[in-house]
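Proteins get letters first, then strands, A, B, ... in listed order; numbering begins at 1 in each.
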Amino acid sequence: MKSVDDEPKPEHAAILRVIVSIPRGRVASYGEIAKRAGLPKRARLVGRVLGEVPAGMDVPWYRVLRSDGRIAFPAGSRAFRTQVRHLAGEGVLVRNGRVDLLMHGWERNMDDLLWGPSAPVVRRRSRKSP
DNA sequence: AACCTGACGTTGG
DNA sequence: CCCAACGCCAGGT
């Protein structure tokens, strides 16, 4: 049977390391994370690893989206709503289950590439409706 | 080992 | 924008 403390996989560790390093208010795709973890073509593994992260562990799983910016869970599902709530909580706008990666994507923002991360494009922390 | 499944990705119509 | 078809990889049956 399975021992209580398994999963010493270096790949899992690499993936988690990348995920926890996603800046607050930013998002990244499964494939992007896999690549950054030195595991190209292994987007599915990223999803698998996230699915095994024990609740309570401090891992920003909600910052991980599909390559097109859509939330991976079925629209309306519990996990889906939770993810939307977390993202909205840190200023990431989710519209129809989708996030604009050019706007909030980690290293995918044109303004970042052209002007640096400090470009005043993303007005963060707009509490309630102005 | 064959077959199915899925928190994925890309391409083409 | 929707959909189908592949490609890809790890686990489960």
Side-chain angles (χ1 to χ4, degrees):
Chain A
M1 53 172 59
K2 297 190 301 183
S3 57
V4 288
D5 58 278
D6 41 52
E7 313 299 311
K9 303 238 178 214
E11 286 130 316
H12 291 208
I15 288 170
L16 288 176
R17 199 149 41 63
V18 172
I19 294 175
V20 299
S21 66
I22 302 173
R24 182 185 161 72
R26 288 303 187 72
V27 297
S29 71
Y30 294 86
E32 198 180 333
I33 289 165
K35 186 181 286 186
R36 276 174 178 269
L39 302 166
K41 315 268 181 148
R42 309 227 188 164
R44 301 195 101 121
L45 181 59
V46 174
R48 185 170 297 289
V49 169
L50 277 178
E52 310 226 334
V53 171
M57 192 193 287
D58 194 10
V59 175
W61 57 270
Y62 49 85
R63 294 182 188 146
V64 185
L65 307 170
R66 286 191 176 163
S67 62
D68 59 0
R70 304 182 72 127
I71 287 178
F73 299 109
S77 65
R78 171 77 85 164
F80 179 96
R81 293 194 303 272
T82 302
Q83 186 160 13
V84 172
R85 190 156 44 68
H86 275 285
L87 289 172
E90 49 185 62
V92 176
L93 181 59
V94 183
R95 199 183 45 160
N96 292 323
R98 177 145 129 259
V99 170
D100 184 343
L101 295 182
L102 291 178
M103 187 85 90
H104 302 95
W106 190 24
E107 302 281 312
R108 213 178 270 241
N109 182 323
M110 281 311 172
D111 296 289
D112 278 9
L113 297 177
L114 296 173
W115 303 94
S118 51
V121 174
V122 183
R123 295 276 67 129
R124 65 273 204 216
R125 203 167 53 262
S126 35
R127 207 161 305 222
K128 298 197 69 174
S129 47

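- Relative to the side chain of A/Arg98, the nucleotides B/dG9, C/dG11, C/dC1 differ in distance, and C/dC1 lies closest.
- Across B/dA1 and C/dA10, the matching P atoms stand 16 Å from one another, rounded to whole Å.
- With distances taken from any side-chain atom of A/Lys9 to the nucleotides B/dG9, C/dG11, C/dA10, the minimum falls on C/dG11.
- With DNA chain B read from its 5' end, the first of the two nearest nucleotides for A/Arg48 and A/Gly31 is the one closest to A/Arg48.
- Each of A/His104, A/Arg98, A/Gln83 was evaluated against A/Leu65; a single residue qualifies, A/Gln83, per the side-chain contact (heavy atoms from CB on, under 4.5 Å) test.
- If you check distances only, the side chain of A/Arg44 never reaches the base of C/dC9 with a donor-acceptor pair under 3.5 Å.
- The shortest distance between the side-chain N/O atoms of A/Ser67 and the OP1/OP2 oxygens of B/dT10 is below 4.0 Å.
- Put simply, CD on A/Glu52 is 8 Å from P on C/dG11, counting in whole angstrom units.
- Without hydrogens or angle criteria, A/Arg81 side chain to A/Gly76 main chain gives a donor-acceptor distance under 3.5 Å.
- Proximity of a side-chain donor or acceptor of A/Arg63 to a complementary backbone N or O of A/Ile22 within less than 3.5 Å is detected.
- Ring geometry for A/His86 versus A/Trp61: interplanar angle over 60°, hence perpendicular rather than tilted (30 to 60°).
- Taking the P atoms as reference points, B/dA7 lies 22 Å from C/dC6, given to the whole Å.
- For C/dA5 and B/dC4, the P atoms lie 16 Å apart once the distance is rounded to whole Å.
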